[in-house]
Amino acid sequence: MMASKKLRWLVLGGLLASSCCFPGISEAADAGMHVDQVGYLTGHNKTAMVTDSGETDFSIVNTKTGETAYQGKLSAAKEDAMSEERLRKADFSDFDKAGTYKLRVGSRESYDFEIGDNVYAVPAVETWRSYTLSRSNTPIDDPVTGLKIKDGHAQDHEAQVYFTDKLNKKGDRLDVSGGWYDAGDYGKYVTTAAISSAELMLAYEANPSHFTRGQLLFPAGIDEETKLPDALAEVQFELNWMSKMQRRDGSMFHKVAGLKWPGFDKSPDTDTQDRYIFGSCTSSAAMSGASFAIASRIYAPFDPSYAAAMRKRAERIWDYLAKTKTPIYRVDEGQEGGSGPYNKSTDLEERIWLAAELFRTTGEKKYEKYLGSVADRFTQKPGFFTWDNTLALGQFAYLKAKGADAALQAKVRAAFLGYADDITKKIESDGFGCALAKDEYTWASTKNALTQGDILLMANQIQPNEAYVEGALSQIHYLFGRNSLDKSFATGMGDNPPEHPHNRIHESTGAYVPGLIVGGPNAVAGGDPDQTAYLKSGHVPVAKSYLDVLTSWSTNEYAIDYTGTAAYALSYFAKPKAMSTDMLKLKRSYPPVMQKRES
């Protein structure tokens with residue numbers, strides 16, 4: 001994920017030598033006026049934060065008429081530890097008139113925002129569409145973004161196995177075409193494929209009525225003959241690739257990539273280096289099994305035979321793991337030279353998730369028996385789920401399962417809801433209503449915040465609680481710019497989105513794909529050279545440790561599992577809406593550099 005030193009300094013010295021090289025915003029809005037630049041839902045809390053200037057009054061101004069639509073009093077000023085700002089809160093929750101507005105305090109004004117009952121409909125669609133535009137081995141000619149790719153990595157049809165074991169010989173050629181590119185590179189990883197596809201299917205399962213045919217405006221040639229809602233058709237594309245990665249003994253290959261990081265001038269169809277199939281990992285196998293188990297119940301109403309095949313794949317992984325007691329993460333020399341490791345040397349939390357999903361899907365008691373045998377871990381209070389710790393997902397699956405043991409379920413319920421309550425307390429104590437504790441401003445901090453919001457929405461399905469729903473919305477507000485940087489961490493969304501995401505498709509094609517969630521502030525030194533240099537350049541508040549530069553992969557790269565957390569949350573609140581290509585173009589926020597490229 002690292003560009004050459006020459007390229008890094010060309011970028012820093014040329015194209016990116018602007019206000020976006022270090023945290024800051026354009027002159028379009030006052031830097032101390034922190035709003036959700038997409039908007040606020042009617043019937044829910046609506047708050048913005050402003051840096052203290054001594055003013056005590058605020059107003060909500062209609063951007064079309066210039067008239068004051070609402071007036072209110074700011075809260076008392078309070079120090080926020082993470083941003084090191086002294087903040088006042090503007091609460092306009094009781095103002096529900098649909099329209100486009102800006103916040104005004106004295107002579108200061110915010111970015112525009114909408115109020116309405118479906119303000120997240122377009123962002124939800126764009127987020128899901130970003131997976132379509134991340135497809136490998138797929139000709140793409142997208143009228144919305146202008147992205148054109150002939151056939152990314154056609155060599156995946158005959159990728160080479162990188163190692164020899166009892167099942168394969170080094171050099172064996174296998175068809176592992178399909179699937180989504182993982183992030184800013186062109187690797188395809190079972191680990192993030194499993195958790196991302198699961199997040200998307202769980203989003204569907206929570207609100208099936210929010211998903212329809214034609215919703216994602218698939219580019220020509222991508223809309224296969226299917227009766228599936230677009231969202232499930234898109235996830236099926238990933239599931240089919242994961243199926244190709246399953247081995248004869250039920251295990252999974254770990255990833256597909258080249259031996260070297262491609263340059264930023266290499267598009268998916270011009271990166272012609274040989275592609276290899278690397279490794280095997282029990283934790284990623286267990287995660288794949290959990291995703292297959294979810295698919296078995298999600299696709300059953302549409303395609304019973306496909307659902308049965310998914311169940312069989314999940315059960316084969318279960319059988320493989322039952323025979324493989326010791327965790328495995330296979331590493332062969334050279335395999336990490338052009339791709340990330342996603343390495344985990346343990347696998348208990350992932351086995352728990354697999355067992356819980358299989359129990360929820362099949363009702364077979366042998367899976368619950370396993371959960372009982374690891375109850376010491378299974379009933380612990382979880383953290384937010386991620387690719388290297390899926391305990392919370394396992395607990396949620398078990399809490400939604402029918403016919404579960406009442407005593408075990410009660411313990412899991414107490415642990416899961418206890419963590420949800422911990423999250424709401426963090427949100428209430430944070431100046432921006434963000435769920436992140438200081439030690440959670442790490443690599444993928446945006447995902448860390450959104451995942452905690454997703455857990456609150458899951459907790460609300462177990463025990464309805466308005467505080468859970470509002471806490472989840474608060475993380476969406478953080479995502480879309482109600483943060484100390486006034487930065488939307490979603491490409492193409494809000495007035496101040498990432499201009500230079502670490503993304504080879506963006507750089508090589510010149511197309512700007514909306515809906516990608518970037519990592520966000522990372523206060524841990526060593527993430528990448530630019531981020532490390534920035535942290536050493538002087539005192540940087542934890543919540544501001546972000547760089548909108550191409551080569552800061554630890555703060556400005558997207559990944560499919562980051563985006564999955566946003567897709568879950570946005571889909572929860574967004575209702576179906578008739579859309580067109582022109583509507584999506586109209587709603588997009590173009591960074592200045594992209595406006596220049598298109599003009």
Side-chain angles (χ1 to χ4, degrees), residues 19-25 31-37 47-52 77-89 383-384 386 389 419 422-453 455 471 474-490 494 496-498 501-502 517-549 551-559 562 565-566:
S19 62
C20 58
C21 282
F22 290 96
I25 63 171
M33 305 286 282
H34 310 301
V35 301
D36 181 329
Q37 296 160 26
T47 59
M49 290 71 182
V50 301
T51 53
D52 183 28
K78 184 178 179 181
E79 298 291 338
D80 176 57
M82 297 299 101
S83 66
E84 300 180 20
E85 292 186 18
R86 186 172 174 81
L87 299 172
R88 292 179 182 267
K89 182 182 293 185
F384 54 83
T386 182
N389 185 351
Y419 179 55
D422 290 346
I423 294 172
T424 60
K425 291 174 183 176
K426 288 194 297 177
I427 292 169
E428 290 168 358
S429 65
D430 185 82
F432 287 91
C434 180
L436 295 173
K438 183 177 182 179
D439 62 358
E440 293 168 347
Y441 281 92
T442 60
W443 192 301
S445 65
T446 309
K447 180 194 72 170
N448 298 345
L450 289 170
T451 304
Q452 292 180 71
I455 285 177
S474 193
Q475 307 322 295
I476 293 176
H477 298 325
Y478 171 83
L479 168 68
F480 288 145
R482 198 187 69 181
N483 53 59
S484 65
L485 297 170
D486 290 337
K487 191 74 175 177
S488 169
F489 297 122
N496 188 26
H502 182 93
I517 308 305
V518 301
N522 181 357
V524 180
D528 62 71
D530 296 306
Q531 175 255 13
T532 299
Y534 178 50
L535 294 182
K536 290 181 178 179
S537 68
H539 178 70
V540 180
V542 169
K544 297 179 184 291
S545 52
Y546 166 79
L547 293 170
D548 188 357
V549 296
T551 48
S552 183
W553 59 82
S554 75
T555 72
N556 213 32
E557 184 174 16
Y558 91 98
Y562 302 5
T565 62

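In this chain, residues are counted from 1 in sequence order.
Remark: S554 OG to Q531 CD distance equals 4.0 Å, nearest 0.5 Å. With rounding to the nearest 0.5 Å, the separation of NZ in K487 from NZ in K544 is 13.0 Å. A distance of 12.0 Å separates CZ of R86 from CG of D80, quoted to the nearest 0.5 Å. Within the model, atoms OG of S474 and CG of L479 stand 11.5 Å from one another, a figure rounded to the nearest 0.5 Å.
Of all heavy-atom pairs spanning L436 and A449, the tightest one is CD2-N, 3.6 Å. Nearest approach of P497 to A490, heavy atoms of both residues: CB-O, 3.5 Å. Of all heavy-atom pairs between L485 and P521, the closest is CD1-CG, 4.4 Å. Here the closest heavy-atom approach between residue A543 and residue Y441 is recorded as CA-CE2, 3.8 Å. A566 approaches L450 most closely through the heavy-atom pair CB-CD1, 3.9 Å.
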Could you go through the side chain to side chain contact (heavy atoms under 4.5 Å, CB included) check for L87 and T51 one step at a time?
CA-CA 5 Å; L87 299 172; T51 53; 4.3 Å; yes
Residues D530, S552; criterion side chain to side chain donor-acceptor pair (under 3.5 Å); working and verdict
CA-CA 6 Å; D530 296 306; S552 183; 6.0 Å; no
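Note on D36 versus R482: no salt bridge recorded, every NZ/NE/NH1/NH2 to OD/OE distance being 4.0 Å or above.
Side-chain contact between F432 and E85 is present, with heavy atoms from C-beta onward closer than 4.5 Å. By the 4.5 Å heavy-atom criterion applied to side chains, Q475 and C434 are counted as neighbours. In this structure, D486 and H34 have side chains that are in contact, with non-hydrogen atoms separated by less than 4.5 Å. Contact check for S545 versus L535: side-chain heavy atoms found under the 4.5 Å cut-off.
Using modelled atom types, no side-chain atom of Q452 and backbone atom of K447 make a donor-acceptor pair closer than 3.5 Å. At least one donor-acceptor pair under 3.5 Å links the side chain of N483 to the backbone N or O of Y478. Put simply, the side chain of T565 never gets that close to the backbone of T451: no donor and acceptor are under 3.5 Å apart. Between the E440 side chain and the N448 main chain, no donor and acceptor come within less than 3.5 Å of each other. At distances below 3.5 Å, at least one donor-acceptor pair connects side-chain atoms of T532 with backbone N or O atoms of G526. At least one donor-acceptor pair closer than 3.5 Å links the side chain of T446 to the backbone N or O of G519.
Exactly one of D548, D528, N522 qualifies for a side chain to side chain donor-acceptor pair (under 3.5 Å) with N556. That residue is D548.
Within a 6.0 Å radius of NZ in K426, other residues, nucleotides and ligands contribute more than 12 heavy atoms.
F489 and Y546 have perpendicular rings, their planes meeting at more than 60° on a 0 to 90° scale where under 30° would count as parallel.
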